[in-house]
Asks: 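One structure is given below, represented as structure tokens, and several questions about it will come after.
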Amino acid sequence: MAEPVLQPSLLLGFPEPQRPTAGPPLATSDPVARVLLESPLPHLDRPFDYSVPAELATAAAAGVRVRVKFNGQELNGYILERRGSSDAGHPLTPLHKVVSPVQVLTPGLAALAGAVAARYAGTLSDVLRSAIPPRVAKVEKELLGGDLAAEASGPGPVPHVPDASAWAMYGNGAAFLQHLAAGGSPKAVMTALQGFGPAAWPALVASAVAAVRSSGRGAVVVVPDYRDLGQVEAALCAVLPAGDVARLSADDGQTPRYRSYLRLLSGEARVAVGTRSAAYAPVQDLGLVVCWDDGDDLHIEQRAPYAHAREVLLLRAGQDNAACLMAAHSRSTELQRLVESAWAVPIEAPRSVLRSTVPRVLNTADSFEQERDPLARIARLPGAAWKAAQQGLERGPVLVQVARSGYAPSLVCETCREPARCNACTGPLAISGPAGSSAVPQCRWCSTPAPQWRCSHCNGVRLRRGAAGVLRTAEELGRAFPGKAVVTSSGDHVKATVPDAAALVVATVGAEPVAPNGYAAALLLDGNSLLRRENLRAGEDTVRRWFNAASLVRPAADGGLVVITADDTTATGALLRWDAPGYASRELALRRDLQLPPSVRVASVTGSPADVAHFTEALAATVTLRTAGPAPVLMYSAPAAATGLATTSTADAEVRTLFFIPYAEAAEATRAMRAVKAANAAKRTSGPVQLRLDGVDIL
């Protein structure tokens, strides 16, 4: 539902005072309801007291959705609690309507949302917008029949822990499962080895959930996208009773999502699995939270306050005293910090097991390969990679990972090598299909064709590819291996699985399908392009993507081979040694020396120069933090170019200031930031600014 437009009078932040009138009779018990308004305004981020009419005394329970009058308007909200009296100091406005008798906001969810809002300096209303699905009235009638007192008892606990032989491969693995089954709450960070077969990560997660269900408790499992969701849901349904699993994903639509939410709320289902919003699922008697591949940026909410699902689950594990399992094929620096602080126990395979489970890894940039193939450093498909693909196709499918989607996503001037840009909006030019009569360059932002392009630097008129996309790569491989099938997975056509038949599977990073029995070989191309991105986490993210792809390849004993084409010795060495924890430890040590995230927290304030300066001055009056900036926000974006904002003068351009926050001062700093935002919004002393904490794209 669209947010109602608030009148300027709402900036005062108080309900409209009511003159003493006869009014409707009030509830005899707890006639005051504390209501949280659904409003994005920071200074309205607090409860307001309303009186409860006698006719709504039963329906107006804590956690239900209501509509209230606020300064002449009707706004949505939630009842946080009922009270016997109010300290508002003025006559209370009665509740206008109880929208639904379903208590969708549980006390535990309210406490969790408050903790998330405090951590990210956001508002409680913004957090609940992501946590609670939109209401679907027909689903309420279907599942609850209008009688909320008759709650489903839900399935009983799993009678026994299923086969956990896959966990025996890992140090501390069996002990972790035993602790879960005994009703304990261990905290662990797991480095999984395989992404296919019976020992794949979905089976490991399902065994952990079954163990906690055998103790009579519930679980929450959060994954990055729908492909991972399908795999882990199938694994959970294979070991748990029918109806015990509820799937929560915005991609499924409002009706299925709200139905699953109500099933969990009533206790009919005890295991929630889904994408990032599933971290708030109202699971009863929570015993375990699981996050898979926390380094994937899909775990970050794209709306304020930009919370990360990993942090939400960590807060929830502490609040509910639940067990916690953070698992991935690699390890993020955030999880390495948890391990080094002894908050979590590492679960890793010993070297003897690792050598028999993972594929052999070869780097075409090492001295041995350079001596055999002097052109390997500059060739996109070196001889060793071509040979690995040729031999792998004799045994099964071969995975080819590329950095970019499309055909030729980057074009440059053939004479001076300057990037080719659109004459209408300065956007990048690209070719969307194979070369030919219809292969006209067009802008990736405004789609304007450029059949007669001319370089603004050297006046050249000829273009060449600056990078090859997945479609161009598939075309070249199809010519290099005639008669072999070529499958692509990228963009809007991402495949979840591929058959075991011999084929070249060309996929962009993060879109690699799963082969049931693993790939015979994998070629990791464009490694230098991934590593050279101007981002603090470029190396960490590239290593994560490499491990995710390499984990889909068969063990070395079965001929599995992974070929990397990159120069960086640190990042490639992590995969060559299959040592993700070692790479994460080194990265964390460097960040700690430089006082960069995650050794400290970082907040960014973005807006006009005057607004950012005002926010910084107001914050400095409360806390003293190390800052960087303000600096212009130099970025190209399609909307900016299309509206002419790309040519805005420097004086009017947005700027950004960074605040580096030690963990010991984080609670005080975020509290001060929330207070400054609320004060600025209430007094209108400056314009709004965007406040983000721990954004992965800031540095």
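The figures here come from the full heavy-atom set of this structure, side chains too, leaving out hydrogens, waters and symmetry mates. What you are looking at is a predicted structure, and each value in this text was computed from that prediction instead of being measured.
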Asks: Show your working on side chain to side chain contact (heavy atoms under 4.5 Å, CB included) between Y120 and Y306 and close with a plain yes or no.
Replies: CA-CA 8 Å; Y120 286 95; Y306 312 103; 5.6 Å; no
Asks: Taking atom CG of L362 and atom OG1 of T565, what is their separation to the nearest 0.5 Å?
Replies: 11.0 Å
Asks: Is the shortest side-chain N to carboxylate O distance from E348 to R331 below 4.0 Å?
Replies: yes
Asks: Write down the atom of A521, the atom of A388, and the distance for their closest heavy-atom approach.
Replies: CB-O, 3.9 Å
Asks: For R395, does the CZ atom sit with more than 12 other heavy atoms under 6.0 Å from it, leaving out its own atoms?
Replies: yes
Asks: Kindly say whether A192 contributes a backbone atom to a donor-acceptor pair with the side chain of Q194 at under 3.5 angstrom?
Replies: no
Asks: So, the side chain of Y170 versus the backbone of L193: is there a donor-acceptor pair under 3.5 Å, distance only?
Replies: yes
Asks: How far apart are the closest heavy atoms of A309 and A279, and which atoms are they?
Replies: O-CB, 4.4 Å
Asks: L180 vs L288, test: side chain to side chain contact (heavy atoms under 4.5 Å, CB included). Steps then yes/no.
Replies: CA-CA 8 Å; L180 287 177; L288 173 67; 4.2 Å; yes
Asks: In terms of the angle between their ring planes, are H329 and W292 parallel, tilted or perpendicular, with boundaries placed at 30° and 60°?
Replies: perpendicular
Asks: Would you call R479 and E475 a salt bridge, taking side-chain N to carboxylate O under 4.0 Å as the test?
Replies: yes
Asks: Heavy atoms, side chains only, cut-off 4.5 Å: are L313 and V220 in contact?
Replies: yes
Asks: Check whether any side-chain heavy atom of R586 lies under 4.5 Å from a side-chain heavy atom of T570, and answer yes or no.
Replies: yes
Asks: Side-chain contact, heavy-atom cut-off 4.5 Å: V562 with R360?
Replies: no
Asks: Main chain of E512, side chain of R227: is a donor-acceptor contact present, judged purely on distance under 3.5 Å?
Replies: yes
Asks: Taking R554 for its side chain and N517 for its backbone only, find out whether a donor-acceptor pair lies under 3.5 Å.
Replies: yes
Asks: Are R337 and L588 close enough, and set up right, to give a side chain to side chain contact (heavy atoms under 4.5 Å, CB included), and what steps lead you there?
Replies: CA-CA 7 Å; R337 178 176 169 270; L588 181 60; 4.0 Å; yes
Asks: Using a 3.5 Å distance criterion without hydrogens, assess whether the side chain of R601 forms a donor-acceptor pair with backbone atoms of Y663.
Replies: no
Asks: Among all residues two or more places apart in sequence or in another chain, which pass the side-chain contact (heavy atoms from CB on, under 4.5 Å) test with S490?
Replies: S405, V470, T508
Asks: Over all heavy atoms of both residues, which pair between A307 and V116 is shortest? Give the atoms and the distance, please.
Replies: CB-CG1, 3.8 Å
Asks: So, S585 side chain and P581 main chain: donor-acceptor pair closer than 3.5 Å or not?
Replies: no
Asks: Compare every heavy atom of G184 with every heavy atom of A323, then report the nearest pair and how far apart it is.
Replies: CB-O, 4.3 Å
Asks: Does anything in residues 511-531 pair up under ring-ring contact (aromatic ring centres under 6.0 Å, His included), and if so which pairs, sequence neighbours excluded?
Replies: none
Asks: Would you compute the distance between atom CD of Q231 and atom CG of L236 and round it to the nearest 0.5 angstrom?
Replies: 12.0 Å
Asks: If we only count heavy atoms from C-beta on, is the V696 to I300 side-chain gap below 4.5 Å?
Replies: yes
Asks: With the threshold set at 4.0 Å, does a side-chain nitrogen-carboxylate oxygen contact exist between R592 and E587?
Replies: no
Asks: Side chains of W167 and Q178, heavy atoms from C-beta outward: is any pair under 4.5 Å?
Replies: no
Asks: Is the backbone of D567 close enough, under 3.5 Å, to the side chain of N528 for a donor and an acceptor to pair up by distance?
Replies: yes
Asks: Give every residue pair that meets the ring-ring contact (aromatic ring centres under 6.0 Å, His included) criterion with at least one member in residues 555-601, sequence neighbours excluded.
Replies: F547-W578
Asks: Which pair of heavy atoms, one from V212 and one from G218, lies closest together, and at what distance?
Replies: CG1-O, 4.1 Å
Asks: Looking at R213 and R217, would you say the former's side chain and the latter's main chain have a donor-acceptor pair under 3.5 Å?
Replies: yes
Asks: Keeping S489 on the side-chain end and K495 on the backbone end, is there a donor-acceptor pair under 3.5 Å?
Replies: yes
Asks: For R404, is there an ion pair with D526 - N to carboxylate O distance below 4.0 angstrom?
Replies: no
Asks: When you compare the side chain of N363 with that of L576, does any pair of heavy atoms fall below 4.5 Å?
Replies: yes
Asks: Find the distance between OG (S332) and CG (D294) and round it off to the nearest 0.5 Å.
Replies: 3.5 Å
Asks: Any salt bridge between D541 and R533, counting N to O under 4.0 Å?
Replies: yes
Asks: Got a salt bridge between R692 and D697, using NZ or NE/NH1/NH2 to carboxylate O under 4.0 Å?
Replies: yes
Asks: Got V189 and V345 here, is their nearest side-chain heavy-atom distance under 4.5 Å?
Replies: no
Asks: Locate the shortest heavy-atom distance separating T333 from R591; write the atom from each residue and the value.
Replies: OG1-NH1, 3.5 Å
Asks: Could you grab the distance from atom CD of E534 to atom CG of L699, nearest 0.5 Å is fine?
Replies: 12.5 Å
Asks: Using only atom types and a distance under 3.5 Å, with no angle test, would you say the side chain of S604 pairs donor to acceptor with the backbone of I698?
Replies: no
Asks: Starting from the C-alpha separation in whole Å, work towards a yes-or-no answer on side chain to side chain contact (heavy atoms under 4.5 Å, CB included) for D296 and D293.
Replies: CA-CA 6 Å; D296 196 319; D293 198 10; 4.1 Å; yes
Asks: With a 4.5 Å heavy-atom cut-off, do S249 and Y226 have their side chains touching?
Replies: no
Asks: Rounded to the nearest 0.5 Å, what separation is found between the CD atom of E301 and the NE2 atom of H308?
Replies: 11.5 Å
Asks: Look up atom CG in L325 and atom NZ in K187, then write down how far apart they are to the nearest 0.5 Å.
Replies: 11.5 Å
